[in-house]
Amino acid sequence: MIKKALSEIERGAAEIIDKERIEKLLQDYFEEGKTYTVKAGFDPTAPDLHLGHTVLLQKLAAFQKYGATIQFLIGDFTATIGDPTGKSATRKMLTQEEIEKNVKSYTDQAFKILDPEKTEVVFNKSWLEALGAGGLIALAQNLTVARMLERDDFSKRYASNTPIAVSEFLYPLLQGYDSVHLKSDIEIGGTDQKFNLLMGRQLQKAYDVGKQQAVLMMPILEGLDGVQKMSKSLGNYIGVTEHPNDMFAKVLSISDELMWRYFELLSQKSLEEIAALKKGVEEGTLHPKKVKEELAFEITARFHDEEAAKKAKEEFERVHAKSEIPSDIAEVELEGPIWIAKALVEAGLEKSTSQARRDIKQGAVRLNKEKIADEQLQLQSGEYILQVGKRKFAKVKVK
RNA sequence: GGUCAGGUAGUCAAGUGGCCAACGACGGCAGACUGUAAAUCUGCUCCCUAUGGGUUCGGUGGUUCGAAUCCACCCCUGACCA
């Protein structure tokens with residue numbers, strides 16, 4: 001039983017520090033019914049969750065199955081500093097209302113995966129503000145500059161003469177202090193958070209909390225391009241609130257190679273099942289597309305429901321495999337007669353008439369499924385289906 | 001505060017008086033091929049009913065028949081020194 005739980009928890013993890021402690025916690029849970037806490041921090045600046053975030057959330061959900069209470073920490077205080085992890089950019093202060101609004105949408109989305117009954121939403125402002133300058137300085141004494149500079153992003157930035165604000169040094173300390181205050185048993189985060197996560201361990205020791213949190217790091221999920229990490233700003237993400245049709249299509253658009261990564265980190269299938277699928281594809285008995293469809297279906301169904309996923313699948317086949325026109329397309333009314341290039345722009349299919357002309361010249365534009373070649377074409381009154389490339393459609397009513 | 005180096009299209013980056021709507025790379029879009037993809041090959045990639053016109057190279061003014069390129073001032077960024 002413990003073994004099964006442990007393997008589920010370990011799945012996909014990039015690194016675990018103090019695994020013995022996790023084992024012990026599970027053992028206490030199974031033998032004595034003792035619960036424990038798992039902390040994960042979230043930044044309230046970006047309210048839109050994507051699949052990258054769900055890797056972590058799913059891991060939290062797995063812990064919940066085995067006796068954990070999740071400390072869902074909203075970094076409302078630390079958000080004002082700016083996590084130095086990755087790129088540096090000065091963050092703007094958020095107002096209380098903005099934070100509350102973000103948190104609401106954040107938790108609404110998160111509870112699609114997490115069990116709210118076993119989740120405690122906590123805000124670090126409530127204790128960090130009370131820390132005060134004295135407390136902060138005492139906290140800062142736990143860390144030397146040399147140690148701080150060991151950290152990869154700092155050392156790189158320091159070496160390349162990229163500025164580092166002193167306040168950025170405080171970020172890991174404050175995040176670590178959160179673990180002191182919350183007396184967390186385990187903290188999980190992305191691999192890029194390693195330094196911050198370990199700080200929690202160190203500070204728990206320094207403050208005599210009586211335990212040191214175990215740390216579980218999840219890999220960073222690659223985006224649709226398969227190279228960079230999934231993020232909203234890079235535009236390579238799948239949002240959890242996206243329309244089922246888009247969600248399905250986006251999953252299907254990833255490369256075959258990346259698909260296995262998604263399976264491991266996002267699918268509920270067991271590792272054995274996934275290995276079997278992979279073997280099937282390698283031996284040629286299974287078509288990779290079929291397998292990818294399963295993945296797309298599973299993901300879409302999780303964030304919507306079976307019915308929606310089914311519809312998305314049918315829609316996809318209709319539009320792409322058979323290159324038919326989607327059932328639900330934008331309608332635009334225009335004054336006629338109208339020049340075709342202009343109509344394409346008005347319908348939102350092209351951004352300029354120049355671009356429209358180029359595409360017509362290349363044979364990318366279809367009118368009622370027929371390729372058009374005449375870029376001077378005028379549309380008389382009537383209803384038309386306009387299409388640019390494979391994906392962009394609009395129904396146009398010309399008056 | 002001082003010294004130096006820079007600011008060119010979505011990004012990086014050539015271009016140092018006319019041949020510049022501006023090389024190239026990446027990205028993006030489209031075509032072919034496919035499994036919708038990936039990979040590959042090809043074309044396009046400021047705007048405008050267009051073999052033409054308009055607006056661009058941090059900003060403002062100037063020199064010139066002519067400026068991304070020269071001059072002046074200003075703004076911004078980075079490095080080094082303090």
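Residue numbering restarts at 1 for every chain, and letters A, B, ... go by the order of the sequence lines.
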For [N], what is the paired nucleotide under Watson-Crick or G-U wobble rules, both distances under 3.5 Å?
{"N": "B:C44", "value": "B:G28"}
{"N": "B:C65", "value": "B:G18"}
{"N": "B:A37", "value": "none"}
{"N": "B:A82", "value": "none"}
{"N": "B:A5", "value": "B:U77"}
{"N": "B:A13", "value": "none"}
{"N": "B:C57", "value": "none"}

- Query: Can any side-chain N or O of A:E10 pair as donor or acceptor with the backbone N or O of A:E15 at less than 3.5 Å?
  - Reply: no

- Ring geometry between A:H181 and A:Y177 (parallel below 30°, tilted from 30 to 60°, perpendicular above 60°):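 Taking A:H181 first and then A:Y177, their aromatic rings sit tilted (interplane angle of 30° to 60°).
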
- If you look only at pairs with a residue in residues 349-371 of chain A, which of them pass as a salt bridge (charged side-chain N to carboxylate O under 4.0 Å, His left out), with sequence neighbours excluded?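 Residue pairs with at least one partner in residues 349-371 of chain A: A:R357-A:E375.
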
- Message: By the salt bridge (charged side-chain N to carboxylate O under 4.0 Å, His left out) test, which pairs, at least two apart or in different chains, include something from residues 106-124 of chain A?
- Response: A:K104-A:D108

Looking at [X], does any N or O in its side chain come under 4.0 Å of the phosphate oxygens OP1/OP2 on [N]?
{"X": "A:T353", "N": "B:C48", "answer": "yes"}
{"X": "A:S354", "N": "B:C48", "answer": "yes"}
{"X": "A:K361", "N": "B:G43", "answer": "no"}
{"X": "A:S352", "N": "B:C47", "answer": "yes"}

- Message: Contact list please: residues 288-295 of chain A against RNA chain B, heavy atoms, distance less than 4.0 Å, in numerical order.
- Response: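 RNA chain B contact set from residues 288-295 of chain A: A:P288, A:K289, A:K292.
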
Interatomic distance where [atom1] belongs to [X] and [atom2] belongs to [N] [whole Å]:
{"X": "A:R358", "N": "B:U45", "atom1": "CZ", "atom2": "P", "value": "5 Å"}
{"X": "A:K250", "N": "B:A38", "atom1": "NZ", "atom2": "C1'", "value": "18 Å"}
{"X": "A:R357", "N": "B:C47", "atom1": "CZ", "atom2": "P", "value": "12 Å"}
{"X": "A:I254", "N": "B:A39", "atom1": "CD1", "atom2": "P", "value": "13 Å"}
{"X": "A:L252", "N": "B:U34", "atom1": "CG", "atom2": "C1'", "value": "13 Å"}
{"X": "A:D246", "N": "B:U36", "atom1": "CG", "atom2": "P", "value": "18 Å"}
{"X": "A:H287", "N": "B:U36", "atom1": "NE2", "atom2": "P", "value": "9 Å"}

- Task: Assign A:E315 to base, sugar-phosphate, or nothing according to its heavy-atom contacts below 4.0 angstrom with the strands shown.
- Result: nothing

- Task: Determine the contact category for A:E375: base if any of its heavy atoms lies under 4.0 Å from a base atom, sugar-phosphate if only primed atoms, P, OP1 or OP2 are that close, otherwise nothing.
- Result: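 The answer is nothing, as A:E375 stays clear of every strand by at least 4.0 Å.
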
Using atom types as modelled, flag every donor-acceptor pair under 3.5 Å from a side chain in residues 25-33 of chain A to any protein atom, sequence neighbours excluded.
unit_1 : atom_1 : unit_2 : atom_2 : d
A:Q27  : NE2    : A:E31  : OE2    : 3.4
A:D28  : OD1    : A:K24  : NZ     : 3.3
A:D28  : OD2    : A:K24  : NZ     : 3.3

- Query: Salt bridge between A:K229 and A:E222, side-chain N to carboxylate O under 4.0 Å?
  - Reply: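 The answer is no: the pair does not qualify as a salt bridge.
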
- What form does the base of B:A50 take, syn (within 90° of 0) or anti?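 Base orientation relative to the sugar is syn.
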
- Item | Given RNA chain B, 5'-ward residue of the pair A:V345 and A:A249, judged by closest heavy atom | A:A249

Distance-only donor-acceptor pairs under 3.5 Å for side chains of residues 133-141 of chain A, two or more places apart:
none

- Task: Hey, could you give me each pair passing ring-ring contact (aromatic ring centres under 6.0 Å, His included) that has a residue in residues 337-394 of chain A? Not counting sequence neighbours.
- Result: none

- Message: Is any side-chain heavy atom of A:I238 closer than 4.5 Å to one of A:H50?
- Response: no

Identify each donor-acceptor pair in which a side-chain atom of residues 298-305 of chain A lies under 3.5 Å from a protein atom, sequence neighbours left out, and give them as a table.
unit_1 : atom_1 : unit_2 : atom_2 : d
A:E298 : OE1    : A:S267 : OG     : 2.8
A:E298 : OE2    : A:S267 : OG     : 3.3
A:E298 : OE2    : A:Q268 : N      : 2.6
A:E298 : OE2    : A:R302 : NH2    : 3.3
A:T300 : OG1    : A:A296 : O      : 2.6
A:R302 : NH1    : A:Q58  : OE1    : 3.2
A:R302 : NH1    : A:L266 : O      : 3.4
A:R302 : NH2    : A:L266 : O      : 2.8
A:H304 : NE2    : A:E242 : O      : 2.6
A:D305 : OD1    : A:E307 : N      : 3.0
A:D305 : OD1    : A:A308 : N      : 2.8

- For nucleotides 51-56 of chain B, just jot down a letter per nucleotide in 5' to 3' order: B, S or -, based on protein non-hydrogen atoms under 4.0 Å. ------

- Query: Which parts of nucleotides 25-31 of chain B does protein reach within less than 4.0 Å, heavy atoms only, written one letter per nucleotide 5' to 3' as B for base, S for sugar-phosphate only and - for none?
  - Reply: -----BS

- Using ring-ring contact (aromatic ring centres under 6.0 Å, His included) as the criterion, list what pairs up with A:F297, not counting sequence neighbours. none

- For A:F42, check ring-ring contact (aromatic ring centres under 6.0 Å, His included) against everything at least two apart and list the hits.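 ring-ring contact (aromatic ring centres under 6.0 Å, His included) list for A:F42, sorted by chain: A:F72, A:Y106.
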
- Query: Can you name the residues that form a side chain to side chain contact (heavy atoms under 4.5 Å, CB included) with A:S255, not counting sequence neighbours?
  - Reply: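 A:S255 satisfies side chain to side chain contact (heavy atoms under 4.5 Å, CB included) with A:E257, A:L258 only.
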
- Query: When you compare B:G28 with B:G1, how far apart are their P atoms, in angstrom units rounded to a whole number?
  - Reply: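 Pairwise P distance, B:G28 against B:G1, rounds to 43 Å.
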
